[in-house]
Amino acid sequence: MAKFLLIVGGGIAAYKAAELIRGARKAGHDVTPVLTAGGAHFVTPMSLAALAESPVYTSLWDLKDEAEMGHIQLSRAADLVLVCPATADLIAKMAAGIADDLATTLLLATDKPVIIAPAMNVRMWQHQATQTNIATLRARGITVIDPDEGPMACGEYGPGRLPEPDDILTFITQLPLVPSAVEGRLPVGDGPLSGRHILVTAGPTHEPIDPVRVIANRSSGKQGFAIAAAAAQAGARVTLIVGPVALPSPGGVARIDVETAQQMAEAVANSLPADVAILVAAVADWRVEASPTKLKKSAGPPALQFVANPDILATLGQSPDRPRLLIGFAAETDHVVANATAKRTAKNADWIVANDVSGDVMGGARNQVHLITAAGVEDWPEASKDDVARQLIARIIEELK
Ligand code: C5P
């Protein structure tokens, strides 16, 4: 059973927060509500307190609360922080790091997982400002529960409705963060990697050319997801940082969705320290200065100016926070082992997992790899990506002993 700090924002959906409290209490969770000034226009502190069987916090300046429970302590006493409903205003303040009331101060001060359930008018939800803020929050590791689509209180139709409270609860309880074993930001499991933090990057990155076009690659994310799943099954706390892919999250991992190489680099830096980093992502080597407006076909083919993206693996290789075991991948079409061996030294990685991608490895279910370590080269037999993942995790367990 988990302890929720529930921040109730000011929107018509705030009444559903009351239902959510009831459902959470019934399921045995503790709920401490925090009501914003806007939220208090829709529900009263009294009704939330009665349902939560807990005091409701409303003001940063309430000295009595501050004497009994300081705002820093309040932000950390729970296992997770849920913002429901998260208004466009609250989301914008979170993205900007503004702390001008109790709710936003708690959100800035917390060291616990934060989950937000946005609810607002469809235009407000689809507005570029809100979508950019949401992308920023996701890149920082905040979990966003996508709003439902349907008729809205304001009479319009579209995405922006708060999902039903039971669905929100089910979503949260399926996250790997909820068990009371929550330690810091991530879950803890049993197994040979218990107590270890493993960071995995996966998938491609997308580098925008303009608002509709991107530079991408064929990485499906399957191998990285299989590795994250195998690490979680071995009991590790896993952070999976992933570019645009169409894969469901493996159970037991904290997933951070990003789009570009720069966002991936930032998410990796924010997720340190880690005992092991396995960088499987096919990061775009170059990006272009994206045009803020759609490039017109009539203007002829654009002359794209490429600039180099940060090399996440090489940066980690030189970082004071370098994980004890740093593992890169090398997708090559020729001189696979020679190129990968050179990469191991150039990027200061411990191991490189090299594969020949001239066939249908990218997007496929099978892989044939070579493991390059300081001791030499091992040729592993062709296997499913799941088996390659399990074998790699078994090697990591050996190495960390
Ligand atoms: O140099 P190359 O792209 O072949 O290196 C592949 C390895 O480096 C992979 O582990 C990949 O995840 C990582 N990489 C990275 N950042 C980049 C490019 C590659 O982390 N910008």
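Start at 1 and go down the list; that is how both ligands and their atoms are numbered.
With hydrogens and angles disregarded, a donor-acceptor distance shorter than 3.5 Å links the side chain of Glu207 to the backbone of Ala261.
Here the shortest heavy-atom pairing between Phe225 and Val245 reads CZ-CG2, 3.8 Å.
The single protein non-hydrogen atom nearest to atom 16 (N) of ligand 1 is Ile312 N, 2.9 Å, given as residue, atom name and distance. What sits closest to atom 13 (C) of ligand 1 on the protein, heavy atoms only, is Leu313 CB, 3.8 Å. The nearest protein atom to atom 8 (O) of ligand 1, hydrogens excluded, is given as Lys347 NZ, 3.2 Å; this is a heavy-atom distance. Counting only heavy atoms of the protein, atom 9 (C) of ligand 1 lies nearest to Phe329 O, 2.9 Å. For atom 14 (N) of ligand 1, the closest non-hydrogen atom of the protein is Asp311 OD1, 3.9 Å.
Using 4.0 Å as the threshold, Ala261 has no heavy atom nearer than that to any atom of ligand 1.
For the residue pair Thr260 and His206, no side-chain donor N or O sits within less than 3.5 Å of a side-chain acceptor on the partner.
Residue contact check: Ala281 has heavy atoms under 4.0 Å from atoms 11 (C), 12 (O) of ligand 1. Near Gly328, meaning under 4.0 Å from one of its heavy atoms, ligand 1 places the atoms 10 (O). Interface atoms of ligand 1 facing Lys343, defined by a heavy-atom separation under 4.0 Å, are 1 (O), 2 (P), 4 (O), 5 (O). Close contacts between ligand 1 and Leu279 involve ligand atoms 9 (C), 10 (O), 11 (C), 12 (O), 20 (O) [criterion: under 4.0 Å to a heavy atom]. Atom numbering of ligand 1 starts at 1 in the shown order; those under 4.0 Å from a heavy atom of Pro310 are 16 (N), 17 (C), 21 (N).
Ion pairing between Asp100 and Lys93 holds under the 4.0 Å rule for side-chain N and carboxylate O. Between Glu259 and Arg138, none of the side-chain N atoms (NZ, or NE/NH1/NH2) sits under 4.0 Å from a carboxylate O, so this pair counts as no salt bridge. Between Arg25 and Asp30 there is a salt bridge, since at least one side-chain N of the basic residue sits less than 4.0 Å from a carboxylate O of the acidic one.
None of Gln223, Glu382, Lys385, Lys222 except one satisfies the side chain to side chain donor-acceptor pair (under 3.5 Å) rule with Asn367; the exception is Gln223.
Annotation: cation-pi geometry satisfied between Arg395 and Trp351 (NZ/CZ under 6.0 angstrom from ring centroid, within 45° of ring axis).
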